[in-house]
2 protein chains.
Amino acid sequence: MASLRAAAHLRPFAARASLPRFQRSYGAAAAVNTAELPSEAPFFTGEPAAPVVKTAIPGPESKKAIDELDTVFDTRSLNMLADYTKSFGNYIHDPDGNALLDVYAQIASIPVGYNNPALLKAAASPQMASAIINRPALGNFPSHDWASILETGILKVAPKGLDQVFTAMAGSDANETAYKAAFMYRRQQERGGAHVEFTEQELTSSMVNQAPGAAQLSILSFKSGFHGRLFGSLSTTRSKPIHKLDIPAFDWPQATFPMLKYPLEDHVEENARAEAEALADVERLITTHHLPPCAVVVEPIQSEGGDNHASPAFFRGLRALTKKHNVLMIVDEVQTGVGATGKFWAHDHWNLETPPDMVTFSKKAQTAGYYFGNPALRPNKPYRQFNTWMGDPARALLFRAIIQEIERLDLVNNTANVGEYLYAGIEDLAKRFPGEFMNLRGKGQGTFLAFDSPRRDEFLKKAKTFGVNIGGSGERAVRLRPMLIFQKHHADILLDTMEKIAKS
Amino acid sequence: MASLRAAAHLRPFAARASLPRFQRSYGAAAAVNTAELPSEAPFFTGEPAAPVVKTAIPGPESKKAIDELDTVFDTRSLNMLADYTKSFGNYIHDPDGNALLDVYAQIASIPVGYNNPALLKAAASPQMASAIINRPALGNFPSHDWASILETGILKVAPKGLDQVFTAMAGSDANETAYKAAFMYRRQQERGGAHVEFTEQELTSSMVNQAPGAAQLSILSFKSGFHGRLFGSLSTTRSKPIHKLDIPAFDWPQATFPMLKYPLEDHVEENARAEAEALADVERLITTHHLPPCAVVVEPIQSEGGDNHASPAFFRGLRALTKKHNVLMIVDEVQTGVGATGKFWAHDHWNLETPPDMVTFSKKAQTAGYYFGNPALRPNKPYRQFNTWMGDPARALLFRAIIQEIERLDLVNNTANVGEYLYAGIEDLAKRFPGEFMNLRGKGQGTFLAFDSPRRDEFLKKAKTFGVNIGGSGERAVRLRPMLIFQKHHADILLDTMEKIAKS
């Protein structure tokens, strides 16, 4: 295996000629795309033909390394020790020779496969080396080619209507800097415009964390939403107590999220009512909360909180409400963005009349930040939105290479197609094992699929013994987060495995 | 110039034989080390012999690039556009052919020089490429060699008494995760220990940001301190209104910081009194603030707030107070750490009886996090201190290479020695131009020096026209933040330049 893989590193993607190793169909539902199956060639040669499970996981080598690691690093959340020098494509390897099909992908953050040859080329370039060793304070000393790196990378895939970016380091600070922009924007409006100077009282009170200098405003978020774990972002996170316990939080409001019932076609009226009620709750909080919301933050699909979806109509309604009340709409695409839903941005599914005010990103982008379009969202003075690094050109270069790879292999369409195939396969499983695959969701959302399992944690553990790495979300959801290079032959392995688990 | 530099990239550091290009001494004060001067060989060959100033800054090429950049990125805080492909050692280059001696160093974050050949080697290694393209969710799927990367890097330089680390992305989240650890630790004590389960009321109230689930506790920070700009860290930042205006903040307390008078030897009693009063203020706030502080965060030298120093006795007093009241002591070494003060950690200057509870780092480490020693600072359950990336192995590898370079060239001692030389030189300038160099501070603190200028902003601007890039801090401080490879011949250029400015 190692020699196969090593060879794959040295050549560009092989001609896409070889046949897929797995071909099966799942009843009638899978008929959707089976006609295309025989011509599906693997993106990668050198991937394992199938998962390899040689030992229990963790095996003896992993156990030794985990014990050593635990002396210096908390290992209680450790899921699996990995060997990234051996991992390839959709497969994560460990030190015991196990190779698992990875549909969790570093909590949904690996876009185009482990050791992707095109990314390796970008990572080994002199430009990358320079970016790593000469890290600038971007706000003060940007490089001469920073505009070009942005324009050919991060901004090339900017959501429609948003042509500016503030770069950050990860999802949490991407959201928090977006929140800061929202607070400054609202206070500027209240003050009467960008030209109005701060009062002496604002200046002095801000230094002791008091009004009026410290705004008495809030960010509205939704129940079971997740937006990060720093103090501001955690105040908007509502997924699980374990994230929030003992950490001081702002008294910001939380709106009901419509908990849709499945299958959708059997609960049309009920779900529409739930969405209308949630929107009414948003409006109530916007108009009555003692700390008025200056922005609403929302995930296109609540990803940590259990894969909770809402309809495009709901999000259009939310956009209308925020417009009506002069509240900014921040779409948190940290987990949904960069292709996984079969569109580059999940909110592309909504057909909004006006774009969101800000869209945050991280994870599969391998860099982070927020997009915006309205120039007034640049604060009225320099140094208001600022920090030493303000992002990372090295990671911006990597995102550019990821974008090129997505374009070259047409991976957003791939994800849409494979997602349809996978969805049909799970739908078939749900018919045959109704107690095991409940509330299947994500139809038309690429491979961003989930279902509830009555024995979720056991399900995830069993999957490993069959050679598949799957993650959970919320209390009982099995969330599928394959990479964008996940193909039908991988879907077949996943479906096979899930059938084995259901039967076990 | 470019060809010289390119050659330097290809060979290891040249034999340290050539003589320094600048040799001068500054009156009697400089006698300290002049005996050693003739034998000082440059760490780098290939650095410019002196600054090169060909155009106004920004020059025409820079202006063009800045205009382009401004269409997509806020450039109002831009200080100077850089060309990092050409920058080398202590010199930052721009697209107009200017090469400035850089004693600001990306807001004190470049440790061992631009395009340092040893770092380049590390950045071009297969291990680095793998770390860049296979970024793990460290808490769930660490690599088999993560323990070794930590032990041979980040933990190799861990402050005395602290043998654990939680890795982060930048200074702000390093501080915020340390604060989170402090809140969880205190609440666990109040609860009666790690084994005591959360109550139902804690679980449910935490989800709506209310007590008792959301702790009614605080972090105590000092007036004019700086600890970052996210919501929690910004609540402890007290340097300038422009950092804080319009951003909601926690009602956390702020203690007086002793504003010492200079020269120290002329104000011994007065300064001791100021420090005693500041400590009394800390004790008052610990015992009376309505949100009891569970930790005090303090910088060894207030670096953004104007380079404010306090004595080792003050910090020992602070440690004693925090011990007495069971409050954690978090030392924020984001700007002071990694050698710049002539010790690896600035708090090494204090001779504490017991180490700080946590020490945060970033900037020159090129990665970030907090060190701790007490195992009880690991929260009682997994996933309480967690996020997707939890740091970055690529940046941890870079820090390891930086540490090796610091050791190889004995850079902490270099910085102590050059700092002494530079301090003596500025002391001499201050005698000759008393109105221009006021309140010189940082004696014995390596090159971490500052003084006040009555026309600070003009001073910094003028410095650029003479080919030196210098930064400010606070309202009127000129802060010197050379890299660790700053040598006496660089100090001579800097001193020469400052004399020219004083005379101008």
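Remember, predicted model here, so these are calculated numbers, not experimental data. Each chain gets a letter, A, B and so on, in the order the sequences are listed, and its residues count up from 1.
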Quick one about [Y] and [X] (side-chain donor to acceptor, distance below 3.5 Å, no hydrogens or angles considered), yes or no?
X: A:Thr237; Y: A:Arg229; value: no
X: B:Tyr104; Y: B:Asn79; value: no
X: A:Asn140; Y: A:Tyr383; value: yes

Which bit of [X] comes within less than 4.5 Å of chain B, counting heavy atoms only: side chain, backbone, both or neither?
X: A:Asn175; value: neither
X: A:Ala131; value: backbone
X: A:Gln164; value: both
X: A:Arg186; value: neither
X: A:Asp94; value: neither
X: A:Leu230; value: both
X: A:Glu61; value: neither
X: A:Gln127; value: neither

What part of [X] gets within 4.5 angstrom of chain A, counting heavy atoms only: side chain, backbone, both, or neither?
X: B:Ser239; result: backbone
X: B:Ser109; result: side chain
X: B:Trp389; result: side chain
X: B:Leu150; result: side chain
X: B:Ile110; result: side chain
X: B:Val208; result: both
X: B:Ile92; result: side chain
X: B:Asp163; result: backbone
X: B:Leu203; result: both

How would you list, by chain and number, every residue that makes a side chain to side chain contact (heavy atoms under 4.5 Å, CB included) with A:Ala122, sequence neighbours excluded?
->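 A:Ala122 satisfies side chain to side chain contact (heavy atoms under 4.5 Å, CB included) with A:Ala401 only.
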
Using a strict cut-off of less than 4.0 Å between a Lys/Arg side-chain nitrogen and an Asp/Glu carboxylate oxygen, indicate whether B:Arg384 and A:Asp74 qualify as a salt bridge.
->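 Salt bridge between B:Arg384 and A:Asp74, a charged N being under 4.0 Å from a carboxylate O: no.
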
Using the ring of each side chain (for Trp, its six-membered ring), is A:Trp146 parallel, tilted or perpendicular to B:Phe73, with breaks at 30° and 60°?
-> perpendicular

Should the pair A:Trp252 and B:Phe231 be assigned to parallel (<30°), tilted (30 to 60°) or perpendicular (>60°) ring geometry?
->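 A:Trp252 and B:Phe231: perpendicular rings.
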
Among residues two or more places apart or on two chains, list those pairs meeting salt bridge (Lys or Arg N to Asp or Glu O under 4.0 Å) that have a residue in residues 131-142 of chain A.
->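 Every salt bridge (Lys or Arg N to Asp or Glu O under 4.0 Å) pair that includes a residue of residues 131-142 of chain A, provided the two are not neighbours, is A:Arg135-A:Asp392.
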
